[in-house]
Asks: 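Structure provided below as structure tokens; questions to follow.
Chain letters run A, B, ... following the sequence lines, proteins first, then strands; residues in each count from 1. Note that this is a predicted model, so its numbers are computed, not measured.
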Number of protein chains: 2
Amino acid sequence: MDYLTQSEENYIKAIYYLQKVLDKPVGTNDLASRMDTKASSVTDMVKRLSEKSLIIYEKYKGCELTETGEGAALKTIRKHRLWETFLVEKLNFGWEEVHEIAEQLEHIQSVKLTNRLDEFLDFPKFDPHGDPIPDQNGAFVLREETYKLIDLEVDVPAIVIGVADNSASFLKYLDKHGIQLGITVKVKDRFEFDHSTEVLLNGKELNLSAEASSKITVQVK
Amino acid sequence: MDYLTQSEENYIKAIYYLQKVLDKPVGTNDLASRMDTKASSVTDMVKRLSEKSLIIYEKYKGCELTETGEGAALKTIRKHRLWETFLVEKLNFGWEEVHEIAEQLEHIQSVKLTNRLDEFLDFPKFDPHGDPIPDQNGAFVLREETYKLIDLEVDVPAIVIGVADNSASFLKYLDKHGIQLGITVKVKDRFEFDHSTEVLLNGKELNLSAEASSKITVQVK
DNA sequence: ATACTTATTTAGTTTTATCTAAAAAATGTC
DNA sequence: GACATTTTTTAGATAAAACTAAATAAGTAT
Ligand SMILES: [Mn+2]
Ligand SMILES: [Mn+2]
Ligand SMILES: [Mn+2]
Ligand SMILES: [Mn+2]
């Protein structure tokens with residue numbers, strides 16, 4: 001398998017993501033909107049990726065990753081999340097700053113560098129946003145008993161273990177309200193009319209919009 | 001000043017290097033051989049760089065960096081050398097392995113990352129090959145009383161402070177013979193017929209070819 | 001089944017960065 | 001100063017990655 005361009009790596013990552021969100025072959029328009037590009041550009045690229053056996057693509061039917069393609073996706077995701085961890089753990093960046101920078105660092109090729117970085121960070125299992133970091137073989141931890149905060153039962157204590165949105169605006173919003181990975185939350189009440197949730201955290205009550213509570217992942221203790 | 005492509009950054013670095021080696025405007029062929037590309041490609045690129053006011057270029061007369069261009073070169077060199085230092089100091093790479101990887105890392109854009117890395121490494125003044133690391137403003141240490149080992153007077157003790165060739169083959173050769181930055185060397189004898197040098201280091205005598213001794217920088221104590 | 005709408009592909013351009021081959025300018029030699 | 005050699009530029013092509021506009025296929029509704 002030869003070298004992938006940055007653009008190819010980005011497409012592969014997007015297909016990997018959409019594949020598990022949509023749970024069916026990834027359409028050209030899905031990819032176009034995810035990649036913030038035009039459908040015609042996507043068609044060009046999927047032909048190339050298919051040529052390289054990274055995806056199975058059939059005209060008008062969308063595409064899905066091959067084994068090779070999935071391996072490539074996991075390699076890039078591994079690098080992305082290791083770099084994010086490095087930036088937060090070693091260089092004291094905030095979790096809202098690192099995604100952008102990691103979008104560039106994830107394309108550095110050296111496998112030895114990736115593995116040394118992994119070791120330097122003590123083989124972290126999760127990145128600063130709670131997402132699992134694949135190991136050298138692409139294996140990663142799958143968590144059990146997880147819910148979105150919006151679905152958590154009332155009065156059941158749970159721990160915040162992840163965020164489903166890595167945008168700086170959302171993460172800064174969480175910072176402002178003292179929500180970070182590892183804290184314990186309990187739903188006190190839920191309001192019918194706007195689907196907002198009253199949660200208890202750090203002894204304080206806080207009202208979270210449906211928008212926010214649907215993007216916070218928790219695990220029941 | 002807008003964003004530079006990786007290719008543009010690489011050309012600017014090459015021009016910076018050649019400018020001080022040649023000490024006159026950099027010719028198209030000089031650049032072509034340094035960049036391992038064709039003269040016609042260079043002509044295209046220097047037109048673009050000139051358009052962006054990074055260099056002064058006149059047809060048939062070669063080019064030289066503007067203030068802006070020199071600033072860009074120093075920014076890239078700073079990143080390159082900081083990353084090399086990181087790889088050696090923190091990830092235990094050998095000095096012969098890091099140049100290649102840094103060739104990629106030097107193109108990561110975040111200024112904040114560069115400065116945080118600098119801080120994380122404790123503001124190093126030199127990289128693993130003894131080359132000075134420019135600070136945020138492009139300023140760097142200039143050393144005095146330095147010679148190439150091939151020019152060092154007999155029986156004058158000196159310290160190895162740099163290498164003029166970053167190739168893995170040369171650096172591995174130095175490793176093999178116990179030559180590293182910081183060690184003390186003394187020239188015992190010099191042979192007319194092949195210009196080789198007999199040096200004393202770590203109590204042992206060693207014969208170095210003209211090739212090798214011309215690539216080792218030393219400073220008289 | 002026909003017609004409308006949406007999704008996708010095709011065709012034709014653009015930009016960057018490269019190449020080869022040929023032309024033109026600069027330089028060196030007698 | 002004319003001729004030969006070297007250096008550099010121009011012209012024309014190619015490949016990757018984008019775009020716009022137009023054509024075609026698929027899906028949906030009546
Ligand atoms: Mn990220
Ligand atoms: Mn992440
Ligand atoms: Mn280097
Ligand atoms: Mn170096």
Asks: Just the rounded figure in Å: distance from C1' of D:dT20 to CG of A:D44.
Replies: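 That distance rounds to 13 Å.
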Asks: Just N and O in the side chain of B:Y11: are any of them under 4.0 Å from OP1 or OP2 of C:dT18?
Replies: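 So the side chain of B:Y11 is within the cut-off, an N or O lying under 4.0 Å from OP1 or OP2 of C:dT18.
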Asks: Give a yes/no on whether any side-chain N or O of B:T43 is located under 4.0 angstrom from OP1 or OP2 of D:dT10.
Replies: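 So the side chain of B:T43 is outside the cut-off, no N or O lying under 4.0 Å from OP1 or OP2 of D:dT10.
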Asks: With 3.5 Å as the limit, what N/O pairs link the protein to nucleotides 22-27 of chain C?
Replies:
residue: C:dA25; atom: O4'; partner: B:Y60; partner atom: OH; Å: 3.3

Asks: Please give me the minimum heavy-atom distance between A:E145 and A:Y147, naming the atom from each residue.
Replies: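 Looks like OE1-OH, 3.2 Å.
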Asks: Is it the case that the side chain of A:R190 and the backbone of A:I150 share a donor-acceptor pair, with hydrogens and angles ignored and the cut-off at 3.5 Å?
Replies: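 Looks like yes, one N/O pair under 3.5 Å.
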Asks: What integer distance in Å separates B:M45:CE from C:dT15:P?
Replies: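 So the two atoms are 16 Å apart, to the nearest Å.
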Asks: Do side-chain atoms of B:H99 reach the backbone of B:S167 as a donor and acceptor pair under 3.5 angstrom?
Replies: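 Absent.
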Asks: Verify side-chain contact (heavy atoms from CB on, under 4.5 Å) between B:L49 and B:Y57, making sure each step is shown before the conclusion.
Replies: CA-CA 9 Å; B:L49 294 176; B:Y57 160 65; over 6 Å; no
Asks: Given atom CD of A:E8 and atom P of D:dA18, what is their separation to the nearest angstrom?
Replies: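 Going from A:E8 (CD) to D:dA18 (P), I get 10 Å.
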Asks: Show me the donor-acceptor pairs within less than 3.5 Å that the side chains of residues 6-32 of chain A make with the rest of the protein, sequence neighbours left out.
Replies:
residue: A:E8; atom: OE1; partner: A:T5; partner atom: N; Å: 2.9
residue: A:E8; atom: OE1; partner: A:T5; partner atom: OG1; Å: 3.4
residue: A:E8; atom: OE1; partner: A:K52; partner atom: NZ; Å: 3.2
residue: A:E8; atom: OE2; partner: A:K52; partner atom: NZ; Å: 3.1
residue: A:E9; atom: OE1; partner: A:H107; partner atom: ND1; Å: 2.6
residue: A:N10; atom: OD1; partner: A:H107; partner atom: NE2; Å: 3.1
residue: A:N10; atom: ND2; partner: A:Q6; partner atom: O; Å: 3.3
residue: A:K13; atom: NZ; partner: A:E103; partner atom: OE1; Å: 3.4
residue: A:K13; atom: NZ; partner: A:E103; partner atom: OE2; Å: 3.0
residue: A:K13; atom: NZ; partner: A:E106; partner atom: OE1; Å: 2.8
residue: A:K13; atom: NZ; partner: A:E106; partner atom: OE2; Å: 2.9
residue: A:Y16; atom: OH; partner: A:K20; partner atom: NZ; Å: 3.3
residue: A:Q19; atom: OE1; partner: A:L65; partner atom: N; Å: 2.8
residue: A:D30; atom: OD2; partner: A:G27; partner atom: N; Å: 3.1

Asks: Please report the closest heavy-atom contact between A:F140 and A:P134, naming both atoms and the distance.
Replies: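 It is CB-CA, 3.9 Å.
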Asks: With a non-hydrogen cut-off below 4.0 angstrom, is B:S41 in contact with a base, only sugar-phosphate, or nothing?
Replies: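 If one applies the 4.0 Å heavy-atom cut-off, B:S41 turns out to touch a base.
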Asks: In whole angstrom, what separates B:K47's NZ from D:dT8's C1'?
Replies: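 Result: 10 Å.
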Asks: Taking B:K79 for its side chain and B:I108 for its backbone only, find out whether a donor-acceptor pair lies under 3.5 Å.
Replies: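 Yes, B:K79 side chain to B:I108 backbone: donor-acceptor pair under 3.5 Å.
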Asks: Given D:dT9, is OP1 or OP2 found less than 4.0 Å from the side-chain N or O atoms of B:Y57?
Replies: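 It does, given that an N or O in the side chain of B:Y57 lies less than 4.0 Å from OP1 or OP2 of D:dT9.
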Asks: Expected output is a numbered-order residue list: members of residues 21-40 of chain A with a heavy atom under 4.0 Å from any atom of DNA chain D. What is it?
Replies: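 Contacting residues: A:T37, A:K38, A:S40.
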Asks: Check this for me: does any side-chain nitrogen of one of B:E211 and B:K215 sit under 4.0 Å from a carboxylate oxygen of the other?
Replies: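 Counted as a salt bridge, because a side-chain N and a carboxylate O are separated by less than 4.0 Å.
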Asks: To the nearest Å, give me how far apart CD (A:E58) and P (D:dA26) are.
Replies: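 Atom-to-atom, A:E58 to D:dA26, this comes out as 11 Å.
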Asks: Quick one: CZ on A:R143 to CZ on A:F126, what's the gap to the nearest 0.5 Å?
Replies: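 Going from the CZ atom of A:R143 to the CZ atom of A:F126 covers 3.5 Å.
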